[in-house]
Amino acid sequence: ALFVNHEKSAVTYAGPAGHRYLLSPRGKVLFDLRPGCTVYDVATGERLFHLDVKVRGHSLRFGPAGRYMAWHDGESVVAVDISAGNMLFAVKTRRDNGLRFTSDGKKLAYLDAIGEGTYELTIRELEENRGVAVGKLTGIEGRVELEDVGESGAYALLRGSNLGGHQFFVASLRTATHERLPNGVTHAAIVARDRAVAMLIERLAKESENDADVADSAVKQRGEAEPE
């Protein structure tokens, strides 16, 4: 495998065939993912650092600023500070239900199935390498995955599947509650900003209350109309 700097017309790195390679989103860093994770500067070919870790490419995510990367290795959520060349943490989870960075790249969210219909959503602050929020969500039918997370990490978008296709839930860490979005709503139709998500949850809650009031009223009217 050859990587070429076209501006300088020079080969910057020649890697063994059969290895898995990955470029960072900005194209400045090259990852050789077999064995472990070896990181190179694309412009110079210089080896920056090596980590003796297992990387699963399908779950790999990069932070928006390009400083952090994270993935699930089959047993743990792993986060790496690319600029410093070290591993921040490896936290064991029961299953891989998705992980996402917040839009500012300062926090990492990951979802873990801890029981039937019960999930644990964790937010970690990366600069100080500490957990800042953990929310337990219950009563969710079927398997769901973390699709997106709001700017502050207060809300998350979960994606599940049913016989009719995908279904989405908005989860709140503050209240440890979730609301199922109407059928037909897609990720592209959802604004992931916390304020918009909070308003959406509030509107859905009011609609649910209104529907319940209408149903109660209809039952009451039927009862009054029935002959003795």
Side-chain angles (χ1 to χ4, degrees), residues 22-26 29 31 37 53-83 87-114 118-137 140 142-161 166-181 185-198 200-201:
L22 183 70
L23 282 171
S24 65
R26 298 184 180 183
V29 179
F31 301 88
C37 178
V53 294
K54 179 173 65 175
V55 181
R56 298 172 71 195
H58 73 274
S59 68
L60 184 61
R61 297 287 183 271
F62 289 95
R67 176 178 176 181
Y68 301 108
M69 59 187 285
W71 65 90
H72 198 287
D73 67 3
E75 297 180 350
S76 305
V77 173
V78 181
V80 170
D81 186 336
I82 300 172
S83 61
M87 185 169 66
L88 293 174
F89 59 81
V91 179
K92 284 191 175 297
T93 61
R94 296 164 184 79
R95 295 184 65 176
D96 175 14
N97 290 94
L99 52 92
R100 292 290 187 276
F101 288 93
T102 54
S103 58
D104 60 8
K106 295 181 179 180
K107 300 182 184 73
L108 177 70
Y110 54 90
L111 189 68
D112 184 18
I114 61 175
T118 304
Y119 292 81
E120 193 170 75
L121 180 62
T122 302
I123 309 290
R124 289 189 69 93
E125 203 282 333
L126 298 171
E127 184 72 32
E128 299 180 9
N129 190 12
R130 61 184 179 90
V132 294
V134 177
K136 184 178 291 186
L137 306 170
I140 298 179
R143 175 183 169 89
V144 296
E145 295 184 353
L146 181 60
E147 180 78 7
D148 205 349
V149 63
E151 291 178 349
S152 70
Y155 296 95
L157 179 67
L158 311 179
R159 175 175 54 83
S161 299
H166 292 306
Q167 59 186 16
F168 292 92
F169 303 85
V170 175
S172 167
L173 263 71
R174 182 176 59 82
T175 60
T177 58
H178 66 278
E179 290 285 348
R180 178 176 174 175
L181 300 180
V185 174
T186 65
H187 186 188
I190 298 170
V191 179
R193 295 184 179 275
D194 285 354
R195 184 164 177 264
V197 173
L200 180 60
I201 286 182

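Only heavy atoms go into these numbers, but all of them, side chains included; no hydrogens, no water, no symmetry mates. The model shown is predicted, which means the values in this text are computed figures rather than measured ones.
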S.K.: For Glu125, what residues pass the salt bridge (charged side-chain N to carboxylate O under 4.0 Å, His left out) criterion, not counting sequence neighbours?
M.R.: none
S.K.: Who are the salt bridge (charged side-chain N to carboxylate O under 4.0 Å, His left out) partners of Glu145, not counting sequence neighbours?
M.R.: Arg143, Arg159
S.K.: Holding to ring-ring contact (aromatic ring centres under 6.0 Å, His included), I want the full list of residues that pass it with Phe31, two or more places apart in sequence or in another chain.
M.R.: Phe62
S.K.: Under the rule for side-chain hydrogen bond (donor to acceptor under 3.5 Å, both in side chains), what residues qualify as partners of Arg26, not counting sequence neighbours?
M.R.: none
S.K.: With Arg94, which residues qualify under side-chain hydrogen bond (donor to acceptor under 3.5 Å, both in side chains), at least two apart?
M.R.: Asp112
S.K.: Could you report the tightest heavy-atom contact between Ala156 and Leu146, atom names first, then the distance?
M.R.: CB-CD1, 3.8 Å
S.K.: Indicate yes or no: at least one non-hydrogen side-chain atom of Phe89 is less than 4.5 angstrom from one of Val80.
M.R.: no
S.K.: Would you mind reporting whether Phe169 and Leu157 have side-chain heavy atoms less than 4.5 Å apart?
M.R.: no
S.K.: Can you see which heavy atom on Val53 is nearest to which on Met87, and at what distance?
M.R.: CG1-SD, 4.0 Å
S.K.: Where is the tightest heavy-atom contact between Leu108 and Ala79, given as atom of each residue plus distance?
M.R.: CD2-CB, 4.4 Å
S.K.: How about Leu23 and Val29: do any of their side-chain heavy atoms sit closer than 4.5 Å?
M.R.: no
S.K.: By salt bridge (charged side-chain N to carboxylate O under 4.0 Å, His left out), which residues pair with Arg67, not counting sequence neighbours?
M.R.: Asp81, Glu127
S.K.: If we ignore hydrogens and angles and just use 3.5 Å, is the side chain of Arg61 paired with the main-chain N or O of Met69 as donor and acceptor?
M.R.: no
S.K.: Got a sec, which residues hit side-chain contact (heavy atoms from CB on, under 4.5 Å) with Leu137, two or more places apart in sequence or on another chain?
M.R.: Ile140, Leu158, Ala171
S.K.: Identify, with sequence neighbours excluded, every residue that meets salt bridge (charged side-chain N to carboxylate O under 4.0 Å, His left out) alongside Asp96.
M.R.: none
S.K.: Residues two or more places apart in sequence or in another chain: which of them pass side-chain contact (heavy atoms from CB on, under 4.5 Å) with Thr102?
M.R.: Asp104, Lys107, Val149
S.K.: Would you mind reporting whether Val134 and Leu121 have side-chain heavy atoms less than 4.5 Å apart?
M.R.: no
S.K.: Hey, are the side chains of Phe168 and Val144 touching, using non-hydrogen atoms and a 4.5 Å cut-off?
M.R.: no
S.K.: Minimum heavy-atom separation for Ile82 and Gly66, please, with both atom names.
M.R.: CD1-O, 3.7 Å
S.K.: Where do Gly105 and Pro64 come nearest, in terms of heavy atoms and distance?
M.R.: CA-CD, 3.4 Å
S.K.: Can you say whether the rings of Tyr68 and Phe101 are parallel (under 30°), tilted (30 to 60°) or perpendicular (over 60°)?
M.R.: parallel
S.K.: Measure across Ser59 and Leu99 and return the closest heavy-atom pair with its distance rounded to 0.1 Å.
M.R.: O-CD1, 4.1 Å
S.K.: According to side-chain hydrogen bond (donor to acceptor under 3.5 Å, both in side chains), who are the partners of Thr93, at least two apart in sequence or on a separate chain?
M.R.: His72
S.K.: Side-chain contact test, heavy atoms from C-beta onward, threshold under 4.5 Å: evaluate it for Leu60 versus Leu22 and give yes or no.
M.R.: yes
S.K.: Could you tell me which residues satisfy side-chain contact (heavy atoms from CB on, under 4.5 Å) with Thr118, sequence neighbours excluded, listed by chain and number?
M.R.: Ile114, Lys136, Thr138
S.K.: Could you pull out all residues at least two apart from Asp73 that satisfy side-chain contact (heavy atoms from CB on, under 4.5 Å)?
M.R.: Lys54, Trp71, Glu75, Ser76, Val78
